[in-house]
Amino acid sequence: MYNKVSTAPFTDSTKSPSVRTILIWAAILPQLAMLFVTKSWNSLAVVVCAVMGTALSEAGNIADKKRRNLAIADSIYVGTLTGFFLPPDYPLASVFLITAIFMFTTKRVFGSTGTSWLNPVALTIVAAWFMGRGAFGGYAIYGADLAAKNPSLALIDGAMLTNGVDEKITLFLNDSVFRLFNVSIPNGYISLFWDNHAAIPAFRFTFLTLLSSLFLFSFDFKKPELPLFFLFVYLGLVKFASPLLTGAAPMGGDVLLAMLTGGLLFASVFLLQWPGTCPNSFSGKITYAFFAGIFAFLFCGTGTSPAGAALTILVANIISPALQVLESRRLRKKLSALLTAKLGEAVR
């Protein structure tokens with residue numbers, strides 16, 4: 001008999017051990033390396049402070065009799081993800097304290113990794129945004145600019161690769177690949193994919209995020225269905241619904257702007273299917289991804305949102321328990337019907 005009400009009612013049976021966590025963390029090592037290469041020292045300092053804050057929260061959870069060991073792997077991974085969604089100008093002391101407090105609170109109230117139904121990274125980022133909204137800045141493109149054709153072109157000037165690299169790669173792709181589809185891309189988009197120079201690291205290196213995704217999907221560290229359907233819903237709304245709001249040409253929503261800014265691609269791979277926060281069945285995951293795509297459109301619009309990705313994950317997590325309850329009821333009905341059928345066969 002159950003005699004305890006818990007705020008962490010769901011458990012993911014595929015909870016990752018430390019080695020698996022470190023291997024998943026390795027997928028974002030190239031982006032950490034790029035922060036070194038581009039001399040983004042402030043962003044690296046923010047990541048370090050977030051890791052230290054997460055480690056402190058883990059140390060605080062040792063007081064719990066059920067958690068005696070210090071999960072170093074979780075601290076490194078979760079802290080790195082948190083730092084990746086924070087702006088470089090955020091006060092370092094605040095990064096450390098906010099991360100420590102909210103990571104500790106999340107694990108004490110909602111459960112640790114694999115049992116919590118709220119993503120600790122998303123909750124911490126949203127809390128940091130409310131406490132220091134000015135450091136995050138605002139939308140990079142909004143208003144009348146969104147009505148123009150391909151508003152993402154406005155971001156190209158500050159992101160162009162040097163020494164003609166962008167032009168050479170663009171020319172090669174137009175002659176060898178896009179020529180087959182009778183289309184071409186202008187100079188600059190290669191630069192945006194490589195490094196759009198966004199302040200927040202999770203928004204910057206789209207090409208490396210795609211490579212990380214392929215690595216995780218190929219070795220079965222992450223499942224591709226949920227992030228792919230989530231992006232399909234979100235980008236579909238950007239393409240077809242956003243022109244109704246921005247005044248752009250019909251079906252003229254800038255999908256590249258939405259994909260290259262705001263960190264939703266990064267969040268869909270590393271945060272959306274956090275252990276314990278999403279349904280387990282295929283139909284449950286698709287339903288979860290569908291609602292998450294709608295939330296992303298509501299909170300992030302057509303892109304460049306400074307904190308909309310984290311808010312999208314958090315709100316999607318809030319509806320997940322209801323989806324998991326429905327999922328459990330459907331499973332029980334199937335098992336009941338199966339057992340009834342088996343008993344009937346045994347009696348005959």
Side-chain angles (χ1 to χ4, degrees), residues 31-32 34-35 38-50 53 79-99 102 121-148 150-160 188 191-206 208-209 234 238 242 245-246 254 256-268 270-271 295-315:
Q31 303 200 37
L32 278 172
M34 280 299 296
L35 293 179
T38 58
K39 299 180 180 180
S40 303
W41 309 125
N42 288 349
S43 292
L44 286 169
V46 167
V47 171
V48 170
C49 288
T80 301
L81 290 180
T82 304
F84 260 57
F85 280 90
L86 290 172
D89 296 330
Y90 210 92
L92 297 182
S94 298
V95 171
F96 176 77
L97 291 174
I98 291 172
T99 305
F102 279 89
V121 175
L123 181 63
T124 303
I125 298 305
V126 171
W129 182 78
F130 275 109
M131 294 180 183
R133 189 178 306 182
F136 282 82
Y139 285 78
I141 296 178
Y142 55 90
D145 293 335
L146 292 174
N150 300 326
S152 54
L153 291 172
L155 303 175
I156 286 177
D157 290 340
M160 287 291 287
S191 296
L192 286 181
F193 266 95
W194 179 249
D195 182 3
N196 61 22
H197 291 274
I200 298 176
F203 301 4
R204 287 184 65 174
F205 310 110
T206 304
L208 293 180
T209 300
Y234 169 62
V238 169
S242 65
L245 304 175
T246 63
D254 194 337
L256 285 175
L257 177 67
M259 187 174 179
L260 292 171
T261 63
L264 278 173
L265 178 61
F266 190 94
S268 69
F270 290 97
L271 301 185
F295 295 146
F297 182 67
L298 294 176
F299 299 135
C300 303
T302 57
T304 74
S305 170
L311 186 58
T312 296
I313 301 299
L314 197 60
V315 175

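Note that the numbering runs from 1 along the sequence shown for the chain.
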Using the six-membered ring wherever Trp is involved, compare the ring planes of F266 and F84 and label them parallel, tilted or perpendicular (cut-offs 30° and 60°).
parallel
Test item: F295 and Y234 side chains (from C-beta on) under 4.5 Å apart, heavy atoms:
no
Any F85 side-chain heavy atom under 4.5 Å of L271 side chain:
yes
Over all atoms of both residues, closest heavy-atom pair of [X] and [Y]:
X	Y	answer
G79	A50	O-CB, 3.3 Å
G83	V46	O-CG1, 3.9 Å
Y139	G303	CD2-O, 3.4 Å
C300	T312	SG-OG1, 3.8 Å
P88	A199	CD-O, 3.1 Å
L92	C49	CB-SG, 3.8 Å

Between T302 and D254, does a side chain to side chain contact (heavy atoms under 4.5 Å, CB included) hold up when you go through it step by step?
CA-CA 7 Å; T302 57; D254 194 337; over 6 Å; no
Let me see the working for V121 and I125 under side chain to side chain contact (heavy atoms under 4.5 Å, CB included), right down to the final yes or no.
CA-CA 6 Å; V121 175; I125 298 305; 4.3 Å; yes
Are any side-chain N or O atoms of N196 and backbone N or O atoms of F203, one a donor and one an acceptor, separated by less than 3.5 Å?
yes
Going from [atom1] on [X] to [atom2] on [Y], what distance comes out if it is rounded to the nearest 0.5 angstrom?
X	Y	atom1	atom2	result
S242	L257	OG	CG	9.5 Å
L264	F297	CG	CZ	12.0 Å
Y90	I200	OH	CD1	11.0 Å
I313	L123	CD1	CG	12.5 Å

Go through it in stages, so that I can follow the logic: the residues are L35 and W41, the test is side chain to side chain contact (heavy atoms under 4.5 Å, CB included), and I'd like the CA-CA distance, side-chain angles, deciding distance and then a yes or no.
CA-CA 7 Å; L35 293 179; W41 309 125; over 6 Å; no
If we count only N and O atoms by modelled type, under 3.5 Å, do the side chains of R204 and S43 hold a donor and an acceptor together?
no
Quick one: do T206 and L192 satisfy side chain to side chain contact (heavy atoms under 4.5 Å, CB included)? Show the steps, please.
CA-CA 8 Å; T206 304; L192 286 181; over 6 Å; no
Using side-chain contact (heavy atoms from CB on, under 4.5 Å) as the criterion, list what pairs up with S268, not counting sequence neighbours.
P227, F230, L231, L265
Using the side-chain hydrogen bond (donor to acceptor under 3.5 Å, both in side chains) rule, collect all pairs that involve residues 79-89, keeping only residues at least two apart or in two chains.
W25-T80
